[in-house]
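Basis for what follows: all heavy atoms, side chains included, without hydrogens, waters or symmetry-related copies. The chain is numbered in sequence order, starting from 1.
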Amino acid sequence: MKLLLVGASGLVGGVVLEVLKERGFENVDIILAASEKSVGKKVNFAKKEISLVSVETALEMKPDVAIFSAGSAISRKMAPILAKQNCFVIDNSSAWRLDKNIPLVIPEVNPHTISKETKIIANPNCSTIQLVVALAPLHRKYKIKRLVISTYQSVSGTGAKAIEQLFAERENRGHEKVYPYEIDLNLLPHGGDFQEDGYTSEEQKLVDETRKILEDDNIAVTATVVRVPVIGGHSEAVNVEFYKDFDLDELRETLENSQGMVVQDDVEKNIYPMPLFAHQKDDVFVGRIRRDFSQPNSLNMWVVSDNVRKGAATNAVQILEKLKEKNLVK
């Protein structure tokens with residue numbers, strides 16, 4: 001397999017390289033591409049120094065699979081060209097997520113949507129991935145009617161410059177401002193861009209992407225996104241109303257037996273998910289599982305995951321693994 005990584009010099013691109021090594025892809029024939037300002041720089045991968053090339057140069061090298069982590073504009077321009085070259089494109093941007101002809105894939109949830117015809121495959125938003133990993137087995141069993149989600153999203157979701165802003169504020173030194181206000185010792189109810197209806201683009205993604213992945217446009221979804229001064233790991237308070245009632249022990253057992261999830265839920269011992277423990281791990285952690293007594297058939301739970309790994313890099317590499325499992329690439 002000839003594998004192309006676009007955005008190799010970025011935050012997510014660097015983690016993709018780590019995950020590729022961890023999951024046995026260290027011997028792959030890899031092409032690393034980045035923006036013009038980074039062309040020629042060296043990146044270490046599997047004990048080799050690899051020079052970064054431009055995306056245009058990478059196209060000429062005819063990759064079999066490409067992982068894009070370089071923003072929507074480059075994905076919209078280059079992904080269709082690669083697809084016409086019979087290359088599978090796994091895209092981390094928002095460019096293709098809501099295209100009805102392009103699958104939006106979480107490997108634990110909907111790998112059936114990948115086929116030889118789906119040359120472009122979209123990676124969901126980081127907050128959506130961890131949410132739907134936790135919700136999918138419950139939706140299959142009890143059918144979700146309504147979701148109310150409040151997120152507590154780490155600064156790494158904005159990128160390396162946001163992490164730098166957090167530390168610069170903490171150390172009282174000059175920095176480039178990514179957020180409109182200080183993030184250290186603060187919370188910002190602002191993720192993405194504000195829309196005319198008062199919601200943000202990050203909140204809208206949770207609505208649209210959750211419905212698409214669960215293949216149910218009738219699920220009522222509302223969300224509030226909050227940025228918090230945490231380096232890595234998004235957290236979500238999730239209220240779920242089901243059509244069917246549930247036994248809480250059976251529901252918890254369903255989560256415990258589901259792929260990609262770890263249940264941490266022993267409040268007597270103060271065991272519950274936190275970004276502190278989820279950081280740099282690939283699982284989705286679920287806890288504080290309890291019935292909502294204010295509404296019939298309703299549940300509260302707390303969902304935490306590393307937004308750069310499972311929320312982006314790891315999910316992309318897992319899609320690559322599914323392509324191999326289905327014998328769509330060698």
*Asks:* With ring centroids as reference points, do Tyr152 and Trp302 lie under 6.0 angstrom apart?
*Replies:* yes

*Asks:* Nearest 0.5 angstrom please: Lys41 NZ to Ser35 OG, how far?
*Replies:* 7.5 Å

*Asks:* Given the ring of Tyr142, does Lys244 sit roughly above its face, with NZ or CZ under 6.0 Å from the centre of the six-membered ring and within 45° of the axis?
*Replies:* no

*Asks:* For the atom pair CZ (Phe25) and CE (Met1), what is the distance rounded to the nearest 0.5 Å?
*Replies:* 5.5 Å

*Asks:* Salt-bridge test for Lys145 and Glu241: reply yes if a basic N is under 4.0 Å from a carboxylate O, no otherwise.
*Replies:* yes

*Asks:* Salt bridge or not between Lys2 and Asp64? Use side-chain N to carboxylate O under 4.0 Å.
*Replies:* no

*Asks:* Is there a donor-acceptor contact under 3.5 Å linking the side chains of Asn307 and Ser127?
*Replies:* no

*Asks:* If we only count heavy atoms from C-beta on, is the Glu253 to Asn257 side-chain gap below 4.5 Å?
*Replies:* yes

*Asks:* Decide whether Asp283 and Ser305 meet the rule of one side-chain donor and one side-chain acceptor closer than 3.5 Å.
*Replies:* no

*Asks:* Would you call Lys21 and Glu26 a salt bridge, using N to O less than 4.0 angstrom?
*Replies:* no

*Asks:* Nearest 0.5 Å, what's the CZ-CD distance between Phe246 and Glu250?
*Replies:* 10.5 Å

*Asks:* Salt bridge or not for Glu202 and Lys205, using N-O below 4.0 Å?
*Replies:* yes

*Asks:* Output yes when Lys212 and Asp99 qualify as a salt bridge under the 4.0 Å nitrogen-oxygen rule, no when they do not.
*Replies:* no

*Asks:* Please report the interatomic distance CG(Leu82) to NZ(Lys77), rounded to the nearest 0.5 Å.
*Replies:* 12.5 Å

*Asks:* Check step by step if side chain to side chain contact (heavy atoms under 4.5 Å, CB included) holds for Leu59 and Met78.
*Replies:* CA-CA 9 Å; Leu59 290 176; Met78 297 298 181; 3.7 Å; yes

*Asks:* Let's go through Ser94 and Ser72 carefully: what are the C-alpha distance in whole Å and the side-chain angles of both, what is the deciding distance for side chain to side chain donor-acceptor pair (under 3.5 Å) to 0.1 Å, and is it a yes or a no?
*Replies:* CA-CA 6 Å; Ser94 61; Ser72 295; 3.1 Å; yes

*Asks:* Salt-bridge test for Arg23 and Asp282: reply yes if a basic N is under 4.0 Å from a carboxylate O, no otherwise.
*Replies:* yes

*Asks:* Taking the basic N atoms (NZ, or NE/NH1/NH2) and the acidic carboxylate oxygens, is any pair closer than 4.0 Å for Lys310 and Glu108?
*Replies:* yes

*Asks:* Between Lys324 and Glu321, is the closest basic N to carboxylate O distance under 4.0 Å?
*Replies:* no

*Asks:* Salt bridge between Asp265 and Arg252, side-chain N to carboxylate O under 4.0 Å?
*Replies:* yes

*Asks:* Check this for me: does any side-chain nitrogen of one of Arg173 and Glu164 sit under 4.0 Å from a carboxylate oxygen of the other?
*Replies:* yes

*Asks:* Taking Asp184 first and then Arg170, would you say they form a salt bridge - that is, a charged N and a carboxylate O separated by under 4.0 Å?
*Replies:* yes

*Asks:* Do Thr224 and Tyr199 meet the criterion of a side-chain donor-acceptor pair at a distance under 3.5 Å?
*Replies:* no

*Asks:* Under 3.5 Å, is there a donor-acceptor pair linking the side chains of Asn239 and Asp292?
*Replies:* yes

*Asks:* Nearest 0.5 Å, what's the CD-OH distance between Gln165 and Tyr181?
*Replies:* 13.0 Å

*Asks:* Decide yes or no on side chain to side chain donor-acceptor pair (under 3.5 Å) for Ser201 and Asp193, but give the supporting numbers first.
*Replies:* CA-CA 5 Å; Ser201 53; Asp193 301 318; 4.6 Å; no

*Asks:* Would you find a donor on one side and an acceptor on the other, under 3.5 Å apart, between the side chain of Arg288 and the backbone of Asn300?
*Replies:* no

*Asks:* Does a side-chain heavy-atom distance below 4.5 Å link Asp245 with Arg291?
*Replies:* yes

*Asks:* Just how far is it from atom CG of Leu17 to atom OG of Ser69, taken to the nearest 0.5 Å?
*Replies:* 9.5 Å

*Asks:* If you count the non-hydrogen atoms of other residues, nucleotides and ligands that lie under 6.0 Å from OH in Tyr179, is the total more than 12?
*Replies:* yes

